[in-house]
Amino acid sequence: GVAHVGLDGRCIRVNEKLCELMGYSREELINLTIANLTHPDDLEQSFREGARLLAGAIDTFSVEKRYVRKDGTFFWASLTVSVIRTAQRAPLHFVSIIEDISDRKSNEAALTHLNATLEHRVFERTLALRESEERVRQTAEASGVALLEWNRSTDGGYWSDRAFTSLGLKPGEVEPTFNLWTAFAHPDDLPRMLNMFDHAWKTRSRFKGEYRVIWRDGSIHVHECQGEFIYNSKGNCTGGRGIWVDITDRKKDEAARNERELQLRRALIRDVHHRIKNHQQGVAGLLHAIIKKRPDVRDAIAPAVAQMHALSIVHGLRGGNNESVALPELIVAIVDLTKSLAEGAVEINCDVQSQSDACVIDDESVQLALVINELLVNAVKHSTPSAGTPRVSVSLTGSIEEIRLEIVNTGTLPADIAQRSAGQRGSGGLGIIRALLPPNGAALDLTANNGEVRATLSLRKPIITAVSRTTNTGATTH
């Protein structure tokens, strides 16, 4: 279940699943506080962690605690809590995700009790031990725990009914042997398990591990086992005994909980990028307004406006639902921005459709956006008319192994291009581009021929990855 909880501990919004878990209607839950719903023995921990969350010491916390239903009964749940804050980092309310883990708690309690019983009884050799072991087997069967005993001389032994059914077999369907178990063990896990058994055998220690088994129908299940080998008075191993439990459902629950926590973190990150984008667009808008009022400062301020817009584009793309930034989407957005700033003084054509699955890794997206922006702004700034309006073209070629972004403008290279290319011109133009260019996976080449200047930006792994996705802006603009 999911609940939005106010800073005073009162439920603000709840979903239907939480109402089912608690046994209350939605209207009833809204009038209750967390203190009303929490087992008295677990209140202190909840308040302590909540205080740390509000203080900013942690971003989220997860605990296992007991909740009290409307009928007075309680149940165990896994609680994950985060806090929603304003742009000024002031807390607004909590977001709580509550998962019922009563079954797992019951199984763990039964398994703990069973292990303690086995630990205490395993070396006794009396009739009382056999009677006790029989009771343990019955308890284990009822708790979903498989019991086994192995005889080294025959490779056979005893398997409980649960041992057979946890491998997809009928009880007693085949002779229980160690070789039978190895036949079901996942081939990727078997070497590790055999090494574990060998270590326990040589050191006379207990073994414990997780592994996968493959049923005859091809389905994969996860088991947890533990046990020990048995030795005679001469120190020779005569066999072993142990237990295993099918923990497939528990693993799925853990994976689902981890995925929910990951999605919550991604949602918070997207919100941060969205806020940064809005702030940068606001600053760019103010600078643009200054240019409108003061045309004489256009040349000084226009590059800053373009850079702020380029940064806001990246944060806008990173604030979407995708984890990576699509290269065509990034280029099209920067081209559209440059067109608006050029105000029709330069004709800009863009075709990046051929590389629609190319994405930029998150760590390099900001630097690469600034590099592309600088290259395009320089091409627009230095383009000269050959026949009519100056022209700039942008295209992507190559393969995902090496993508080439080409920006071509009418004009010629400056006479001191060699110095600029080598980064000897301080922070201007090419000096900025060279400083921003990622050291691995990126290279820039400038050439001039027949009245055209061609800037070729070559991109390779690790900067570029291939991800199948659909861009929001389209892949081609003219």
Side-chain angles (χ1 to χ4, degrees), residues 104 107-126 128-169 171-215 220-251:
R104 175 164 68 82
N107 289 338
E108 288 176 353
L111 183 59
T112 300
H113 173 73
L114 180 62
N115 289 343
T117 303
L118 288 175
E119 188 76 18
H120 179 69
R121 300 291 185 181
V122 71
F123 293 110
E124 295 182 9
R125 294 291 185 266
T126 63
L129 171 63
R130 293 301 178 186
E131 293 174 351
S132 176
E133 287 180 340
E134 183 58 32
R135 290 194 297 271
V136 169
R137 290 189 181 99
Q138 294 174 1
T139 302
E141 195 68 26
S143 304
V145 178
L147 297 177
L148 65 94
E149 294 178 358
W150 172 61
N151 187 315
R152 183 187 177 191
S153 62
T154 64
D155 191 42
Y158 166 81
W159 283 14
S160 66
D161 290 350
R162 183 68 64 176
F164 286 98
T165 57
S166 64
L167 294 175
L169 302 172
E173 178 181 341
V174 291
E175 184 69 21
T177 65
F178 181 75
N179 286 333
L180 176 64
W181 177 86
T182 60
F184 279 90
H186 195 290
D188 292 343
D189 297 345
L190 182 58
R192 173 174 53 82
M193 297 300 293
L194 293 179
N195 287 336
M196 181 187 71
F197 295 148
D198 184 62
H199 175 76
W201 184 321
K202 292 177 180 177
T203 59
R204 298 196 178 192
S205 58
R206 293 179 63 85
F207 58 82
K208 181 178 181 180
E210 292 183 7
Y211 60 96
R212 293 165 293 173
V213 296
I214 305 176
W215 285 18
I220 297 178
H221 302 255
V222 185
H223 287 183
E224 180 181 70
C225 75
Q226 58 180 296
E228 63 187 349
F229 292 102
I230 300 172
Y231 304 85
N232 59 21
S233 58
K234 297 180 180 181
N236 298 321
C237 178
T238 60
R241 67 182 73 199
I243 63 173
W244 72 62
V245 182
D246 190 324
I247 59 172
T248 305
D249 291 340
R250 189 180 84 190
K251 285 293 184 181

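Fair warning: this is a prediction, and the values are worked out from it, not measured in the lab.
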Could you tell me whether the side chain of [Y] reaches within less than 4.5 Å of the side chain of [X], counting heavy atoms only?
X: Thr165; Y: Pro171; answer: yes
X: Ile214; Y: Pro187; answer: yes
X: Phe184; Y: Tyr211; answer: no
X: Val213; Y: Leu167; answer: yes

Exercise: identify the closest heavy-atom pair between [X] and [Y]:
X: Leu180; Y: Glu175; answer: CD2-O, 3.6 Å
X: Asp246; Y: Val222; answer: OD1-O, 3.4 Å
X: Glu228; Y: Phe207; answer: N-CE2, 3.4 Å
X: Phe164; Y: Val174; answer: CE2-O, 3.4 Å

Yes or no on side-chain contact (heavy atoms from CB on, under 4.5 Å) for Gln226 and Asn115, after CA distance, side-chain angles and deciding distance? CA-CA 9 Å; Gln226 58 180 296; Asn115 289 343; 3.2 Å; yes
Donor-acceptor pair, side chain of [X] and main chain of [Y], under 3.5 angstrom:
X: His223; Y: Ser166; answer: yes
X: Arg192; Y: Glu210; answer: yes
X: Arg104; Y: Arg250; answer: no
X: Arg212; Y: Asp188; answer: no
X: Asn236; Y: Asn232; answer: no

Start with the C-alpha gap between Ile243 and Leu111, add the side-chain angles, then the distance that decides, and say whether side-chain contact (heavy atoms from CB on, under 4.5 Å) holds. CA-CA 10 Å; Ile243 63 173; Leu111 183 59; 3.6 Å; yes
CZ of Arg241 to CD1 of Ile230: how many Å apart, nearest 0.5 Å? 3.5 Å
For the atom pair CD1 (Ile220) and CG (Asp189), what is the distance rounded to the nearest 0.5 Å? 9.0 Å
Report the relative orientation of the aromatic rings in Phe178 and Trp150; use parallel for angles under 30°, tilted for 30 to 60°, perpendicular for over 60°. tilted
Evaluate the ring planes of Trp215 and His221, with Trp represented by its six-membered ring, and classify them as parallel (under 30°), tilted (30 to 60°) or perpendicular (over 60°). parallel
Scan side-chain atoms only and decide if Asn179 and Thr177 contain a donor-acceptor pair under the 3.5 Å cut-off. no
Test log, rule side-chain contact (heavy atoms from CB on, under 4.5 Å), inputs Lys208 and Cys225: CA-CA 6 Å; Lys208 181 178 181 180; Cys225 75; over 6 Å; no
Between Arg204 and Phe229, is NZ or CZ placed under 6.0 angstrom from the six-membered ring centre and within 45° of the ring axis? no
Centroid separation under 6.0 Å, is that true for the rings of Trp159 and Trp181? no
